[in-house]
Structures are given as structure tokens and as C-alpha cells.
Amino acid sequence: MHKLVTTVRVQFGHALHGRTVSVLTLLVLFALANGVPTSVAIADDPKSKTGIMKVTEIEGITEYKMENGVRVLLFPDPSKEVVTVNMTVFVGSRHEGYGEAGMAHLLEHMLFKGTPDHPEVPKVLTERGARFNGTTWMDRTNYYETLPASDDNLEFALKLESDRLVNSFIKGEDLESEMTVVRNEFESGENSPLRIMMQRMQAAAYEWHNYGQSTIGNRSDIERVPVVKLRQFYRKYYRPDNVMVIVAGKFEPDTALEKIQATFGKLKSPETPIDPTYTVEPAQDGERTVVLRRVGDVQLAGAAYHIPASSHPDFAAAKALVYVLGDEPSGRLYRQMVETEMASNVYALAYAFAEPGLFMTIAETNKDGSIEQVRQTLLDLMEMSFADNPVTEEEVERAKQNLLKQRELEANNSDRIAVSLSDWAAQGDWRLYFLFRDRVEALTAEQLQKVAQKYFVRNNRTVGLFIPSEKSERSEIPEAPNLTELLADYKGREAVEAGEQFDPSPLVIEQRTERGNLVDGIKYALLPKKTRGGSVSVMLTLRFGSEQSLQGKVGAVELLGWLMSKGTDKLDNQQLQDELTRLRAQLSINSTVGLVQMSVKTKREYLAEVIDLAGSILRNPRLDADELEVIRRQVITGLQKGSNDPQALAPRTVNKKLAPYDKTHVLYAPTIDEEIEMYEGVTVDQIKQLHREFLGSQAGELSVVGDFDPAEVKSLWKTQLENWSTDQPYVRVDRNPHPEVPGSQTDIQTPDKANAVVFAKQHYALSDEDPVYASLVLGNFVLGGGSLSSRLADRVRQQEGLSYGIGSGLSAKAKDKRVEFSVYAITNPGNKKRLVEVIHEEIEKIRAEGITEDELVKAKAGYLQAARVRRTDDAALAGKLVGSIFNGRTMKQIADHEQQIADATVDSVNQAIRSYIHPEKMVLVAAGDFVAAEAKEREAKEDAGNGEQVESDAELATEPSGK
């Protein structure tokens with residue numbers, strides 16, 4: 001199961017299709033076939049000016065269709081200063097043929113490579129502060145960007161997308177470098193036993209249908225696909241009559257339609273239609289097995305069952321069964337397997353596809369557990385428990401409320417709805433987004449019982465073991481219904497109430513923010529504003545203890561917040577989760593040395609009840625011993641999984657080197673084994689004592705952002721927090737920088753891991769209020785912080801194809817006057833040496849030559865606009881306000897920082913880079929299976945004697961494709 005991510009959209013050299021062939025046409029076709037950069041200008045067609053036809057409107061979302069086949073959805077939401085443009089191309093791994101496995105995803109990567117009019121796509125998006133992405137899935141490929149709301153940005157996004165749809169470079173030299181990037185992404189997935197097992201089960205479940213084919217594809221197809229074939233695939237599917245354009249956020253609909261008509265409306269669709277897929281997976285007539293044997297420390301057992309398409313009425317019941325079975329703590333799998341200590345984690349999911357999909361459950365246990373017992377218990381619960389214990393009204397109601405809660409919270413963000421609509425559109429029709437809601441609300445226990453007993457049967461099952469069958473059973477999976485008939489008269493409901501237009505400028509935010517003292521040492525910052533759906537985000541921090549008083553209590557501290565979230569003195573874990581669902585609230589509590597932090601998201605109508613519930617969780621948590629054992633197993637299992645995971649080991653090792661503390665110090669960075677030992681020694685009595693003696697309202701911060709009444713909120717929180725004292729004084733544990741730690745390079749061997757991780761970091765003693773910091777921020781942005789447009793990404797990924805993911809980061813700890821610079825990359829273990837060399841070369845180059853004026857201008861624009869976009873997220877803004885209180889600041893400090901960014905010069909940035917970024921001072925760790933890589937390299941050298949003949953054969957083999 002892959003939702004594979006890159007950055008951008010689609011483009012093509014396909015605009016001449018259907019025209020009279022001329023000399024010019026032949027020249028252009030010749031250029032395209034040979035990878036020559038080609039831009040095709042399309043003359044205005046009189047028909048393209050006749051307007052757009054309105055198709056339907058549901059709950060504030062309007063569908064239009066253009067004469068060339070482009071489908072359009074407009075979703076105005078003036079409450080946020082952003083606009084999202086999403087283009088969905090209706091092609092995914094389901095549409096790939098023999099030898100084309102992974103082609104849809106590979107093509108998504110190639111669309112980063114630009115067009116004649118937009119030669120550097122990631123760069124221009126970054127310069128406008130866009131939050132952008134592209135994803136490939138079974139039924140579709142979609143590309144979206146969220147930008148600061150303006151007519152200019154909307155026009156830019158639509159021009160870019162329409163250009164990439166028809167004029168992208170698909171060049172051989174780009175494919176050569178990007179192929180290794182995609183292969184690296186493929187290899188990163190190979191490191192996860194869970195992901196591999198899910199993919200293997202899915203492949204075994206489908207004999208004929210392409211849903212059994214991983215979206216990321218087959219290694220050989222990725223490595224060997226000819227660029228000519230990739231161009232053909234591109235021209236076949238990337239066309240106006242195979243896309244849907246969604247615009248969501250703050251914009252004027254009439255203006256958007258004009259701009260869509262001026263961009264997408266000019267494009268000409270080919271006369272030859274796309275052939276529909278027609279393969280139907282036959283009913284399974286016996287259980288299937290798949291066994292995966294790889295290095296690891298965790299065992300997995302799973303079961304998959306065919307279910308109908310997401311448009312079928314039975315799918316809503318199947319989706320609800322995900323919660324009946326896998327929810328924590330109410331799910332049947334959780335209660336029977338996790339609470340009994342048979343398994344450490346259980347998972348359940350139902351794939352939403354255009355055609356019949358899968359329901360999958362997986363149980364995870366440690367390497368010492370009985371995998372046979374886990375497997376049998378899992379199958380008994382899936383296939384027998386519903387006959388013995390039918391679905392209850394309580395189970396179905398809980399499942400319904402959880403599904404509706406997720407929808408309602410998502411509905412507060414128009415950019416997220418835009419992506420959801422594109423998924424439903426790919427599953428048949430965007431209106432299914434609303435029809436699915438209606439079906440969920442109407443679900444009954446009888447429906448869930450019927451679906452469970454219909455599809456969860458032995459002969460419809462794919463598991464990890466083979467069990468002989470005595471008689472044949474067939475579960476006929478109904479095909480997707482006729483959506484034209486199904487949705488012909490569907491009208492939907494009233495649109496969700498939109499919020500106000502909100503200016504996310506720091507000084508405007510500060511002007512609207514009320515600050516003050518709530519009780520004792522708790523200070524507050526309140527920012528009321530009208531939000532979509534009446535959403536409210538809350539963050540509360542409580543600070544406690546000191547370096548001395550918390551010594552020897554770190555394990556209890558780390559588990560405290562998690563255990564607090566599992567119940568109150570009046571509500572057990574299940575009752576608490578049900579109450580949070582009823583109140584449409586998301587609540588999480590995290591704890592670390594000296595800090596407990598609660599984050600809450602809900603709606604205005606439930607806010608008073610949520611605050612009352614939060615107070616009970618904080619002051620009167622249940623702190624149940626059984627729940628602690630569940631948490632302990634989950635934490636330890638996670639640590640065991642990381643013991644051979646390069647992505648866990650590399651950063652952990654670097655951070656340990658940069659934390660030179662004695663084992664008794666509260667900031668000591670333990671090894672994985674030491675951390676496991678620490679958690680194994682924590683008792684529930686220790687956690688209760690910690691809560692009783694240390695927590696109180698002596699120090700902390702509260703921020704609330706969203707739709708609420710400030711006076712009411714202050715009164716409610718004061719009631720919850722006042723008269724809550726402790727005798728243990730709070731003294732912050734300083735986290736000082738350690739620039740004195742010498743640079744080093746360490747390799748960690750992780751057997752049987754196809755992907756390697758390189759991670760490096762260094763500390764600076766520097767204040768984030770110093771103008772030098774602002775210059776360093778811009779230097780990092782150019783070097784590796786500016787997404788794919790950065791120097792590191794361009795060299796390592798775009799030019800040399802050494803890594804799917806690479807970048808650098810800069811973070812500041814205000815209280816400690818500490819700044820951290822880091823570099824991160826993944827790669828094939830055999831490419832590690834070259835990757836490290838290239839990283840050092842690029843850092844030395846930017847130190848020696850500096851950045852250019854053009855790079856500075858674009859970095860400033862990209863950084864500032866991206867920061868503005870981040871402030872449109874209420875939860876993130878609540879976090880910023882908490883940080884400002886703790887650091888004794890206001891939002892003016894952010895305004896000052898952004899002014900320092902604007903005032904920075906080429907000289908100041910270059911001086912900051914040379915003064916601080918030193919590759920030889922970085923602590924660098926590489927983790928991967930380097931022994932296996934070296935063995936392969938030796939084998940290749942031994943076979944080098946045949947190199948000349950092999951090269952000749954390769955030329956002969958590829959010659960026909962070239963023609």
C-alpha cells in the first residue's frame with residue numbers, strides 16, 4: 001500500500017494530436033521522441049471561449065465541465081488566507097500494463113523536471129511559499145499546491161498545471177537520474193516488514209486485477225523502462241478529458257472560472273478516447289498464503305478479505321467494521337489480543353477503491369511470542385466471533401461516531417477536503433464523499449453483522465499460512481454500481497458555515513491576541529476568530545520539577561502523559577474515547593522532562609464540555625496499571641523495531657553524540673537497550689507519585705485559537721486549574737548547545753536493509769534574535785531547506801539520482817540560545833560513499849562561492865510565504881503562541897525576524913554560511929547494509945572483463961526503442 005509522494009503535477013508534449021500533419025508537426029514529433037525540450041503553443045480555438053457548463057452543486061461545492069472534457073470543482077472558503085489548486089489525473093497503478101509496473105509513479109517524479117515555460121517547477125513553487133505535493137495511488141495521480149490567497153497566485157498555479165499537463169519534459173537524461181531516486185524510494189519501503197507484508201498479502205489476494213500491483217512498482221520495470229514508453233504512457237493519460245481541477249480556499253468563483261478557461265480551456269483533447277479497464281477479479285475459491293522471512297525483531301500475522309468498491313452500499317459497513325475490530329481500546333482485536341498481552345499492536349483498514357478492494361487486519365507481537373497463536377486468534381476473531389457475538393448497537397454507534405468525527409474535523413480545512421474530493425472522484429464520483437457520509441449515518445448493527453459474515457470467510461481469505469480446504473466456498477463480490485443512476489437525484493445538504501477572512505501577518509495576529517495571567521503561574525494567549533465549522537484549537541503546557549528532583553524518574557515522566565490520556569477517575573479508557581468522539585474532540589497528551597503538554601481540537605458548541613473533560617484528565621487521571629502494561633508493550637515493541645532500522649539508528653546515534661551527559665543526568669541519551677530497560681522498570685505507583693507530587697498550575701502556558709468566547713474560556717479554564725499546587729518547585733532544565741563536540745563519521749551495519757540513511761548535525765551557540773541567525777536561515781534555505789529547489793536536492797537527487805529524499809534543516813531553541821543545523825538523506829547502501837562526498841562538495845562550494853542575488857531574492861520570497869501559509873493552520877498557530885509566552889515574547893519577535901530576513905544581504909548570508917556551516921565539524925552517521933553492498937561491488941568488479949561485450953549487447957537491445 002503506497003501513497004507515494006513527490007512534488008508537483010503533470011505536463012506533456014501532446015498538444016499536436018489530431019491536427020493535420022505538417023513539416024512543423026513532424027519536426028516537433030521528432031523532437032519529442034528524442035527527448036529534445038519542446039514547447040508547443042496552441043492557437044485559440046473559438047469553441048474554447050464559449051464558457052463552462054455547470055453540472056451540479058452540493059453543499060457549497062460546484063461542479064463544471066469544459067468543452068474539452070476538463071472537469072472542475074470550485075469550493076470557496078474565505079476563512080483562510082490560502083488557495084489550493086489540485087489537479088487529479090485519472091491514472092494510477094491500476095492502469096499499468098505488462099512492463100509498466102510503477103510507471104504512473106515514475107511519471108509523477110518526471111513531472112518535477114519542468115516544461116519550456118516552467119523549467120524549474122519545484123523552485124518556482126518554493127519561491128511563492130507553496131505547500132505542494134504529488135501522490136500516486138491505485139486509481140489516480142494527483143498534484144496540489146496551497147499558496148497565499150491572491151489572484152496572481154491562483155493564475156500562476158493554473159498556468160503551471162495546464163502547462164505541465166501538455167508540455168512536460170520527458171527526457172532520457174532526466175529519466176536516468178530520476179530512476180535511481182525512485183529506486184531509492186522503493187528500497188526505503190523494503191526496510192519495513194509491515195509494509196512489505198501488506199504488499200505481499202495484497203499481491204496474493206489479486207490473481208488478475210492490477211490492485212495487486214504495488215503503486216511504486218517492480219524494481220526491474222523501474223530500472224529498465226525506456227523513455228519512449230514513458231512518453232507514450234504520458235500522452236495516453238495526461239490529457240484534458242482525463243483530469244479534474246479542484247480550486248479550494250479564498251478566491252472569487254467567477255475569477256477562477258475565467259482563469260481556468262484561459263489556461264485549461266485552451267487545451268485540445270485527442271480524438272481517440274482512453275480505453276476503459278475491464279478486468280474483474282474472480283471470486284476467490286480457497287484461502288491463500290504468503291510467508292515473508294526477513295531480518296527483524298517483530299512478528300506479524302495478517303488476514304485480508306475481498307470487499308466491494310467504495311461506491312457500493314456494503315463499503316460503509318466494512319469501513320465501520322475497521323473500528324469494531326481495530327479501534328483502541330474498544331476493538332475486538334485490541335481487547336482479545338493486546339489487552340491479553342498476546343499482541344503488542346493490532347491494525348485494521350479497508351481500502352477505498354473504484355473497484356472491489358480489500359479489508360485487512362494485522363497483529364504484531366514480539367519475537368518471543370507465539371505467531372501461531374496470534375494467527376489462529378486473529379482468524380477466529382475475524383471469522384467466528386460475529387456468529388458467537390453479533391455486532392452490538394454500542395459497537396456500531398461508536399464506529400459511526402468515529403467516522404463522522406474524522407469527517408467533521410477534516411471539513412474545517414478546505415485544502416484537505418480538496419484532496420479528499422479528488423480521491424472520491426477517482427473512485428467514481430466526487431459526490432460519493434457526501435453519499436458515504438449519509439450511508440454511515442444510516443448504518444445499523446444488522447448491516448455490519450451481515451457484511452462481516454458475508455465477506456470474512458475462509459475461502460475469501462489471504463493469510464500468512466496455508467490451511468487445506470475441505471469444501472469450496474465462494475464470496476461473490478458485487479461490481480461497482482452505476483453511478484449515473486445512483487447519484488442522478490442526489491442533492492446533499494446545506495454547506496458547512498464558512499469562517500471569516502483572516503490575515504496571518506504576525507503584527508495583526510498580535511493585535512487580535514489577548515494575553516494575561518490565568519491562575520498562579522499559568523499565562524494565556526487567546527485569539528478568537530470565526531473558523532470554518534466553528535473549530536477551536538487549544539494547547540496547554542504544565543511545567544514541573546528540576547534537574548535534581550526528576551533524576552531517576554525519566555521513564556515515568558516519558559510515560560506519564562500517555563497514561564494520563566487513558567482515562568479519568570470516573571471514565572475508563574473506552575468511556576473516555578467515546579466521550580471524546582461524542583464531543584468531536586481530538587486530544588493528545590505528551591510528556592518529557594519538565595513538561596506535560598495537552599493539545600485539543602474540537603468545535604465551539606462542545607468547547608465547554610471538552611474543557612471540563614480536559615480538567616478531569618489533568619487533575620484526576622485514572623493511571624490504570626493494565627493500561628500501563630499495554631503502553632509499555634507498544635513502546636518496547638516500537639523500540640525493538642528500531643533496533644535494526646537505519647532511519648531510527650542514524651539520528652539516535654548522532655543525538656547521543658551531541659548529548660555528552662552522564663547516565664544519571666535527566667538529558668542523557670540512552671541506547672535502545674538502555675531505553676527498553678528503563679521502561680521495563682517503570683511502575684504505575686511511580687507514575688502516580690510523580691503526578692501527585694509534581695503536577696500543578698505553578699508554571700505553564702495556555703493558548704486558544706478559533707471560534708470561542710474569551711471571557712467564557714478564561715472562566716472555564718480558571719475553574720479547572722485554580723487551587724492546584726505542588727511543593728516541588730519548577731526549575732527549567734537547560735538544554736545548552738554543544739559546539740565543542742568534534743566532528744566525526746560513523747557507519748552502522750544493519751543487515752538485510754535495502755535502504756541506507758545518512759544523518760548529520762552540529763550545534764551553534766547563537767540566539768535566534770541575532771540578525772546572523774536570519775542570514776543563516778536563508779543560507780540553509782538555499783543549501784537544503786528549500787525543498788527540491790535547493791542546491792543539495794538539485795545536485796543529489798535531480799542531477800545524480802543518489803537519493804529520493806535529501807535536505808538540510810535549521811532549528812532554534814530560544815531559551816538556550818542554541819541553533820541546530822542538520823542534513824538528512826536516504827540512499828542505496830552502495831551509493832553511501834558517493835552521497836557523502838557530494839554533500840561535502842556542495843557545502844564546500846556554497847562556502848567558497850556563496851549564494852547569488854537571484855537565489856537570495858527567491859529564498860526570501862519562498863521562506864516568508866511558506867511561514868505565512870503555516871500561520872493559517874490554527875493548531876500550529878496555537879503552538880506558536882504557547883512558545884511566545886514561554887519565551888517571554890510576542891508575535892512582534894516573529895515580525896522582527898521576518899524583517900531581518902527581508903534586510904539580509906548576499907554578503908551577510910555568505911558570511912553566516914562561512915562562519916557556521918563546517919562539514920568537517922558535523923557529527924555524521926550512516927546506517928545501512930554496507931557489507932552486502934560491498935559484496936555486490938566486488939562481484940561486479942569480477943565480472944568487469946565482459947564489460948565491452950555487455951555494453952555492445954545493450955546498445956543492440958535498446959536500438960529498436962530508440963527508433
Salt bridge between [X] and [Y], side-chain N to carboxylate O under 4.0 Å?
X	Y	answer
R128	E145	no
R584	E408	yes
K259	E155	yes

So, using side chain to side chain contact (heavy atoms under 4.5 Å, CB included) as the criterion, who are the partners of [X] when residues are at least two apart?
X	answer
A262	none
Q586	K405, Q406, L409, K601
R493	E59, R437, D438, E441
K858	K123, E127, D854

Considering residues at least two apart in sequence or located in another chain, which fulfil the side-chain hydrogen bond (donor to acceptor under 3.5 Å, both in side chains) criterion with [X]?
X	value
E57	K54
N68	none
N242	none

Can you list the residues that meet the salt bridge (Lys or Arg N to Asp or Glu O under 4.0 Å) rule with [X], with sequence neighbours excluded?
X	answer
E258	none
R407	none
K530	D707
R71	none

Sequence neighbours excluded, every pair satisfying salt bridge (Lys or Arg N to Asp or Glu O under 4.0 Å) that has a member inside residues 73-86: E81-K250
Cation-pi, F169 ring and K113 (6.0 angstrom, 45 degrees): no
